[in-house]
Peer 1: 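To start, I am sharing the structure in question, which I have written as structure tokens.
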Amino acid sequence: MTTLPPPLPKELTQTGGSTDVTIDELFDVITKRIANHPRSLQKAIGPSEVGQACARRLAYQLLGHEERQSGPNWKATVGTAVHAWLERTFGDDNRRMLRDADMERWLIESRVTVGATKTLGKVSGSCDLFDRVTGLVVDWKCIGPAQLRHYKADGPSPQYRTQAHLYGRGWKLLGYNVGEVCICFLPRNGELRDAYAWHEPWDEQIALHGLDRLEGIAAACNMLGDEALAMLPTADVWCINCPFYKAGSTDPAQGCPGHHMPKAADPAPLNFISNNK
């Protein structure tokens, strides 16, 4: 049973004041916590971003461009909270199995290196769950109803699919047998019965393709700097939510106007040497 602290001395209390001020303080604590969460501060490209359909967005990150200010990402925070609950849940199941069968089945929130590129070096990230028994790689996604309907109908985006196969490669490089990859879409507004678990056999070539593409983008940025931005293709992936979006921009170095920006003739394909084969 938790021992509660005693009431504060009268001189430290402020009862009878404005409740609105206290409410503002509550939300200030929440907002600061979101802004300072490790996921919010992450700068390096990880497995979750390698398959990003918009090459230009990846280039902005690689070039270190400042992201535009936006409000606290509450949806992502809910997803982080769900991940934390799942981490505790599968940790408890591991402890049960240790007691009953002297083994741990689940590897939870494990840091794995999925490969490397010539320009960036190692690419690493935290895999949500790996089943040592079946070799199943699991990635949790906590999403809204419209997204859930979309993924049930059409399957995961190339970005999500690439991420799952990259984690599979990370486990393979550590010596584990990898069977299938699974993206488990959990409803943010609904019941557990609405969840959708997509899965397919692990394919190393999907992971290698993502790393090779990342190397091409990174090599262009390394060689050309901001001039690479206008050369790299965009994609229609919710541009308005992109941290580098700037409506009406005519200079990509100052911000991206979105997918339908008029472009000059397509540049020649970027050539590079892959070290992932």
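Just so you know, these numbers use all the heavy atoms, side chains as well, and skip hydrogens, waters and symmetry mates.
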Peer 1: Please name the pair of heavy atoms, one in A218 and one in L62, separated by the smallest distance, quoted to 0.1 Å.
Peer 2: CA-CD1, 3.8 Å
Peer 1: Would the distance check show the side chain of Q52 and the main-chain N or O of E49 forming a donor-acceptor pair, the cut-off being under 3.5 Å?
Peer 2: no
Peer 1: Among side-chain atoms of S249 and Q254, is any donor-acceptor pair under 3.5 angstrom?
Peer 2: no
Peer 1: Who pairs with R188 by salt bridge (charged side-chain N to carboxylate O under 4.0 Å, His left out), at least two apart in sequence or on another chain?
Peer 2: none
Peer 1: In chain order, what residues pass the salt bridge (charged side-chain N to carboxylate O under 4.0 Å, His left out) check against D92, with sequence neighbours excluded?
Peer 2: R95
Peer 1: Other members of the hydrophobic cluster containing V21, with the 4.5 Å side-chain heavy-atom rule, please.
Peer 2: none
Peer 1: Kindly check if the number of other-residue, nucleotide or ligand heavy atoms within 6.0 Å of CG (N177) is above 12?
Peer 2: no
Peer 1: Donor-acceptor pairs are to be reported for all side-chain atoms of residues 142-153 against protein atoms at under 3.5 Å, with residues two or more places apart or in another chain.
Peer 2:
{"residue": "Q147", "atom": "OE1", "partner": "G144", "partner atom": "N", "Å": "3.4"}
{"residue": "H150", "atom": "ND1", "partner": "D154", "partner atom": "OD2", "Å": "3.2"}
{"residue": "K152", "atom": "NZ", "partner": "D194", "partner atom": "O", "Å": "3.0"}

Peer 1: Step by step, would you call K172 with E204 a side chain to side chain contact (heavy atoms under 4.5 Å, CB included)?
Peer 2: CA-CA 9 Å; K172 188 69 174 179; E204 187 174 25; 5.7 Å; no
Peer 1: Side chains of R96 and D93: does their closest heavy-atom pair fall under 4.5 Å?
Peer 2: yes
Peer 1: We want to know whether Q163 and S48 form a side-chain donor-acceptor pair, criterion being a heavy-atom distance below 3.5 angstrom.
Peer 2: no
Peer 1: State, with a plain yes or no, whether a side-chain heavy atom of R105 is found less than 4.5 Å away from one of T134.
Peer 2: yes
Peer 1: Taking salt bridge (charged side-chain N to carboxylate O under 4.0 Å, His left out) as the definition, give me every residue that meets it alongside E200, ordered by chain and number, with sequence neighbours left out.
Peer 2: R161
Peer 1: Under the ring pair (Phe, Tyr, Trp, His ring centres under 6.0 Å) rule, collect the residues that match up with Y176, sequence neighbours excluded.
Peer 2: F130, W171
Peer 1: Please name the pair of heavy atoms, one in S126 and one in Y167, separated by the smallest distance, quoted to 0.1 Å.
Peer 2: O-OH, 3.0 Å
Peer 1: Under the salt bridge (charged side-chain N to carboxylate O under 4.0 Å, His left out) rule, collect the residues that match up with K141, sequence neighbours excluded.
Peer 2: D139
Peer 1: Test of understanding: clusters of I, L, V, M, F, W, Y form through side-chain heavy atoms closer than 4.5 Å, transitively. Do V178 and L166 belong to the same one?
Peer 2: yes
Peer 1: Check the pair L208, H165 against side chain to side chain contact (heavy atoms under 4.5 Å, CB included), reporting the backbone distance first and the verdict last.
Peer 2: CA-CA 9 Å; L208 291 175; H165 287 279; over 6 Å; no
Peer 1: Considering only Ile, Leu, Val, Met, Phe, Trp and Tyr, and joining two whenever side-chain heavy atoms are under 4.5 Å apart, list the other residues clustered with Y245.
Peer 2: I240
Peer 1: Show every salt bridge (charged side-chain N to carboxylate O under 4.0 Å, His left out) that has at least one partner inside residues 18-29, sequence neighbours left out.
Peer 2: D28-K32
Peer 1: Provide the full list of ring pair (Phe, Tyr, Trp, His ring centres under 6.0 Å) pairs with a residue in residues 99-121, sequence neighbours left out, each pair given once.
Peer 2: F90-W106
Peer 1: Looking at every non-hydrogen atom in both residues, tell me the closest pair between V112 and C127 and how far apart they are.
Peer 2: CG2-CB, 4.4 Å
Peer 1: Count the heavy atoms of every other residue, nucleotide or ligand shown that sit under 6.0 Å from CE of M223, and state whether that count exceeds 12.
Peer 2: no
Peer 1: Which pairs with one or both residues in residues 53-81 pass ring pair (Phe, Tyr, Trp, His ring centres under 6.0 Å), sequence neighbours excluded?
Peer 2: Y60-H65, Y60-F244
Peer 1: Please list, chain by chain and in numerical order, all residues satisfying side chain to side chain contact (heavy atoms under 4.5 Å, CB included) with P9, sequence neighbours excluded.
Peer 2: E11, L12
